[in-house]
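For reference, the structure discussed in these notes is given below.
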Amino acid sequence: MYFCITTFVCNYVFGKEQRDYSNLIYSKKEHSIWLPITYSITGTMDVIQNPYWFSQHNYSEKVKEVWNRIKDPHNNIKKDGGYNKFFKDEFLSSRVLPNIGLHFLGGAYDTRWLTEYYSHYNYPAPKLFAFLTTYIAHLGNEALETTSDEISSHDHIADLYFFDLAAFFAASYDPFMRYLVDDLGMKAWHFNPMYDIDSGDFFNSGLNYIFRPKKLYFANNKIKPLYFLGMQTLAGASYNYTSDEQVTMAAGISLTNPLEQKGRFVTMLAHEKMNTLEASLFINGSEDFRWRLNLYEKILERFDYFKNKTSVYNFGLTIGQTKGPAYAFGLNVSLPFGLGFIKNTRNKRFFE
């Protein structure tokens, strides 16, 4: 009933289902490696960026746990402290910041992107498919959050029944989405998920968003202040050193305690061509990476051999070193997610 009512309201209160979207966000060339299943995996595994609080192990049991916490919202809210505590913690404390930033703004952006994707490929009900895709990802993410004893049903109920639902409606409201994308310069810089063939776990998963408000540009629009939002929160600036190339430097915090907003200092260096991410390097960032380099498909256009081979553009490469020490490698070529490994090198040869 919840899914049916929500879809009906979005489709018919905000206007009957449109078949032709403006492609405000979706670009086939820019997002060729990204598929709905890619988003579902990355969205589900987003919180594994904080290995101190969250784990992807025993996933099916965690899905059952989160279902038990959300299937009866009224009684679970009362059991975990009551409505006063629920609204105070989830709407009036610092916890509301990730709820607004990641679930509402990020959810609206991703839902709109997926709606345009499904519309581009002529799915019969693009808004419905987009809603189900984002909701499945967020539900999986909430399941992994049950790893921590510090998170109660209040967090899941606020996210899934309020902020994620608000994001779904916002994605259908063109003036709001155009303000986010055109005026605030919102853009997704999601990681490319990799499947560890040794452990059976995913790594390098994460939903990331940047904001570059146009009103803050200066130096003839060559310097653009940037805010990076995700499990890592950074601030910095982008510099256009040519007409179609820019480099970004930023620094901030990689959360290790999300409730108290504590973490480690992290720095980022990124490069874009024609406003599309080519590469990003994080130092001391999430998932306990000492350093992590991601290369994206756009970088292949720098090589003459690949310029006219569009099928090869479905590419992603991840290399890095975690604490331990261990080295990570992942490669994606035309797959919903990449394949790789994280190999501990202590007292071992790396490629034994």
Side-chain angles (χ1 to χ4, degrees), residues 33-67 136-151 189-208 230-232 254-258 263-264 266 279-297 314-352:
I33 199 171
W34 269 81
L35 300 170
I37 189 173
T38 312
Y39 175 80
S40 297
I41 293 170
T42 303
T44 295
M45 299 296 169
D46 183 41
V47 293
I48 67 169
Q49 293 185 77
N50 183 354
Y52 299 97
W53 273 51
F54 308 113
S55 167
Q56 59 191 294
H57 300 153
N58 301 318
Y59 178 72
S60 60
E61 294 301 317
K62 291 173 181 176
V63 171
K64 294 177 184 178
E65 176 62 26
V66 78
W67 171 246
I136 287 170
H138 290 169
L139 181 62
N141 189 68
E142 296 297 324
L144 295 187
E145 288 186 357
T146 63
T147 306
S148 173
D149 294 333
E150 298 291 331
I151 295 180
W189 278 9
H190 300 333
F191 289 139
N192 187 10
M194 299 292 174
Y195 179 76
D196 190 330
I197 55 180
D198 285 338
S199 68
D201 292 338
F202 282 94
F203 66 95
N204 199 54
S205 290
L207 301 179
N208 306 305
M231 293 290 286
Q232 304 175 106
S254 176
L255 292 175
T256 55
N257 187 325
R264 62 166 64 92
V266 56
S280 65
L281 174 67
F282 287 86
I283 306 295
N284 200 36
S286 60
E287 286 189 78
D288 262 354
F289 273 101
R290 290 178 175 173
W291 60 270
R292 170 172 43 181
L293 174 67
N294 272 289
L295 302 180
Y296 299 91
E297 56 209 64
N314 296 354
F315 166 85
L317 176 67
T318 301
I319 55 176
Q321 182 188 24
T322 68
K323 295 181 178 178
Y327 285 87
F329 175 86
L331 177 65
N332 187 354
V333 180
S334 300
L335 292 172
F337 54 88
L339 301 177
F341 57 84
I342 297 180
K343 178 72 74 172
N344 193 307
T345 58
R346 180 168 291 171
N347 298 324
K348 293 184 179 180
R349 294 180 59 186
F350 182 32
F351 287 107
E352 68 178 355

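Just so it is clear, the model here is predicted, and its values are computed rather than measured. Along the sequence shown, residues are numbered consecutively beginning with 1.
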Exercise. More than 12 heavy atoms of other residues, nucleotides or ligands under 6.0 Å from CD1 of I37: is that the case?
Worked result: no
Exercise. Do I151 and E142 come within less than 4.5 Å of each other through their side chains, counting heavy atoms only?
Worked result: no
Problem set entry | Atom pair CG (L293) and CD1 (I319), whose distance is rounded to the nearest 0.5 Å | 5.0 Å
Exercise. Should the ring pair F341 and F329 be called parallel, tilted or perpendicular, given that the plane angle runs from 0 to 90° and is split at 30 and 60?
Worked result: tilted
Exercise. Between P193 and F337, is any pair of side-chain heavy atoms under 4.5 Å apart?
Worked result: yes
For this session: Kindly write out the residues that satisfy salt bridge (Lys or Arg N to Asp or Glu O under 4.0 Å) with R290, not counting sequence neighbours, or none if the list is empty.
Result: none
Exercise. Does the pair F282 and F191 meet the rule for a ring pair (Phe, Tyr, Trp, His ring centres under 6.0 Å), with working shown?
Worked result: CA-CA 12 Å; F282 287 86; F191 289 139; 5.6 Å; yes
Exercise. Taking the inter-plane angle between the rings of F203 and F289 on a 0 to 90° scale, is it parallel (under 30°), tilted (30 to 60°) or perpendicular (over 60°)?
Worked result: tilted
Exercise. So which heavy atom on M45 is nearest to which on S205, and how close?
Worked result: CB-CB, 3.5 Å
Problem set entry | Close side-chain approach of W53 to E150, heavy-atom, < 4.5 Å | yes
Seminar exercise, completed: Closest non-hydrogen contact found for S148 with F54 is CB-CE2, 4.2 Å
Seminar exercise, completed: Result for side-chain hydrogen bond (donor to acceptor under 3.5 Å, both in side chains) between R292 and one of T318, N204, N284 points to N204
For this session: Would you indicate whether the side-chain heavy atoms of L207 and T42 approach each other to under 4.5 Å?
Result: yes
Exercise. Distance-only, no hydrogens or angles: does the N208 side chain make a donor-acceptor pair with backbone N or O of G230 under 3.5 Å?
Worked result: no
For this session: Test W189 against S280 for side chain to side chain contact (heavy atoms under 4.5 Å, CB included), laying out the working first.
Result: CA-CA 9 Å; W189 278 9; S280 65; 5.7 Å; no
For this session: Could you list the residues that satisfy side chain to side chain contact (heavy atoms under 4.5 Å, CB included) with L139, not counting sequence neighbours?
Result: V66, I70, L160
Problem set entry | Full working for side chain to side chain contact (heavy atoms under 4.5 Å, CB included) between L317 and L331 | CA-CA 5 Å; L317 176 67; L331 177 65; 4.1 Å; yes
Problem set entry | Student check: side-chain heavy atoms of Q321 and W291 closer than 4.5 Å | yes
Seminar exercise, completed: So CD1 of I48 and NE2 of H57: to nearest 0.5 Å the spacing works out to 9.0 Å
Exercise. Can you pull the salt bridge (charged side-chain N to carboxylate O under 4.0 Å, His left out) pairs that have at least one residue in residues 36-62, sequence neighbours excluded?
Worked result: E61-K64
Exercise. Going by heavy atoms in the side chains, are D198 and K343 under 4.5 Å from each other?
Worked result: yes
Exercise. Is there a donor-acceptor contact under 3.5 Å from the side chain of Q232 to the main chain of L255?
Worked result: no
Exercise. Considering residues at least two apart in sequence or located in another chain, which fulfil the salt bridge (Lys or Arg N to Asp or Glu O under 4.0 Å) criterion with D196?
Worked result: none
Problem set entry | Approximate separation, where rounding is to 0.5 Å, of T44 OG1 and Y39 OH | 9.0 Å
Exercise. Can you name the side chain to side chain contact (heavy atoms under 4.5 Å, CB included) partners of E65, sequence neighbours left out?
Worked result: R69, T146
Exercise. Do L335 and V333 have side chains that get closer than 4.5 Å, going by heavy atoms?
Worked result: no
Exercise. In Å, rounded to the nearest 0.5 Å, how long is the span from CG of N332 to CG of L295?
Worked result: 12.5 Å
Exercise. Side chains of L144 and V47: does their closest heavy-atom pair fall under 4.5 Å?
Worked result: yes
For this session: Go through the structure and list residues passing salt bridge (Lys or Arg N to Asp or Glu O under 4.0 Å) with E145, not counting sequence neighbours.
Result: none
Seminar exercise, completed: Per side chain to side chain contact (heavy atoms under 4.5 Å, CB included), S254 is matched among M231, R264, E287 by R264
For this session: Anything under 30° is parallel, anything over 60° is perpendicular, the rest tilted; go ahead and classify Y195 against F202.
Result: perpendicular
